[in-house]
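These notes concern the structure reproduced below.
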Amino acid sequence: MAFLGCQNSSALLASFLSLLVLVSFQCHIVSSAVLSGKKQDHDHVTHQKPLVQTNQSTCSLFVGAWVLDETETYPLYHSSSCPIIDPEFNCQMYGRPDSGYLRYRWKPLNCELPRYNHQNQWQSLICMLSAAAPRTHTKLVTGDPLSVFRFLDYGVSISFYRAPYLVEVGAVQGNRILKLEKVDGNGDAWRKADVLSFNTGHWWTHQGSLKGWDYVELRGKFYPDMDRLAALEMGMKTWANWVDTNIDRSKTRMVIIHSPTEWNVGGTTVMATKNCYGETAPIRSTTYPGAYPEQMRVVDMVVREMRNPAYLLDITMLSALRKDGHPSVYSGELSPQKRANPNRADCSHWCLPGLPDTWNELFSTALFH
């Protein structure tokens, strides 16, 4: 998926509305992609400061620990003031009794994460920007695959383009076909953004009714399924080749964010038998809780092999520590009986306000430093 963003002016950048103007350029999110932007003078963009490279810095943005912040700076906004939040993410509205999960701040190993002055992440980003500019006129147009939120006073838009695998899913004789070697249909929505933020990983592991295709197409042949890690690698390489060929990196900034493993997802990690039901605090650790995901190794390899590598926002470890950040049973309208059933816990999505706000603080840091 992707965020797409566009930028209006240097003044807008100054306030992001000091962050979104960051993503605010004419923005679309893909598959997640978030795109930002209002297209600006690209002669100017060419001279902008490049994305920070954390491996060339003493600051390890993605290695650290969660610390409880007792100040009044968290949460960064309130769910009651951001009507865009979907019911399944609006944990406070739907009865979550504890609030400590709203006050954990990410503390990188050797530095402080600059304050924010990124479909879960898209809503978080809009809420954060709206809180920074509460009297701005806005307009939301929802659709499938593309939804657009516009900050009318700034000429800025943030869009969400739903394409869970980044590559195409087409239809043949009523069957959904995952086309591991094609991006173009999705890519038409990505070309004009000033900022692109791609997110994939989560949907590749689903089985049964949650699987997003009926057949996989590869080299002209169709298969009912295949090794999911191999499919991810092929799809990512197709995406990377498309980006290297079609996106002018002197004009468009780009970030790829890898979706973290679900807390209770099946598999080989130590989290496989866990459940987020009743969890109210993060894991106290500075390392990944289990074997590092093979998905992440694939994403890292593909990005490194790009001619002009995207900036990899590695939120995998820090997100895996937040067992308390999921909606659990406080996801929309559940009856008291269902709410008392741990098997109803949503351990896949994230509460808003919550963890996705930290993703966006890191996103802001990557784009502006």
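- A search for salt bridge (Lys or Arg N to Asp or Glu O under 4.0 Å) contacts involving Arg103 returns nothing, not counting sequence neighbours.
- Residues satisfying the side-chain hydrogen bond (donor to acceptor under 3.5 Å, both in side chains) test with Arg297, not counting sequence neighbours, are Glu294.
- Every residue two or more places apart in sequence or in another chain that forms a salt bridge (Lys or Arg N to Asp or Glu O under 4.0 Å) with Asp98 is listed here: Arg96.
- Under the side-chain hydrogen bond (donor to acceptor under 3.5 Å, both in side chains) criterion, Lys237 pairs with Glu233, sequence neighbours left out.
- Applying the salt bridge (Lys or Arg N to Asp or Glu O under 4.0 Å) criterion to Asp188, with sequence neighbours excluded, gives Arg191.
- Applying the disulfide (SG to SG under 2.5 Å) rule to pairs touching residues 134-214 yields nothing, sequence neighbours excluded.
- Taking Ile, Leu, Val, Met, Phe, Trp and Tyr as hydrophobic and joining them when side-chain heavy atoms fall under 4.5 Å apart, one finds Ile177 in a cluster with Val172, Tyr215, Phe222.
- With sequence neighbours excluded, no residue forms a side-chain hydrogen bond (donor to acceptor under 3.5 Å, both in side chains) with Ser99.
- Residues that satisfy the side-chain hydrogen bond (donor to acceptor under 3.5 Å, both in side chains) test with Gln207, not counting sequence neighbours, are Arg228.
- Partners of Tyr101 under the ring-ring contact (aromatic ring centres under 6.0 Å, His included) rule, at least two apart in sequence or in another chain, do not exist in this structure.
- By the 4.5 Å side-chain criterion applied to Ile, Leu, Val, Met, Phe, Trp and Tyr, Val67 is assigned to no cluster and stands alone.
- Remark: Arg176 pairs with Asp214 by the salt bridge (Lys or Arg N to Asp or Glu O under 4.0 Å) rule, at least two apart or across chains.
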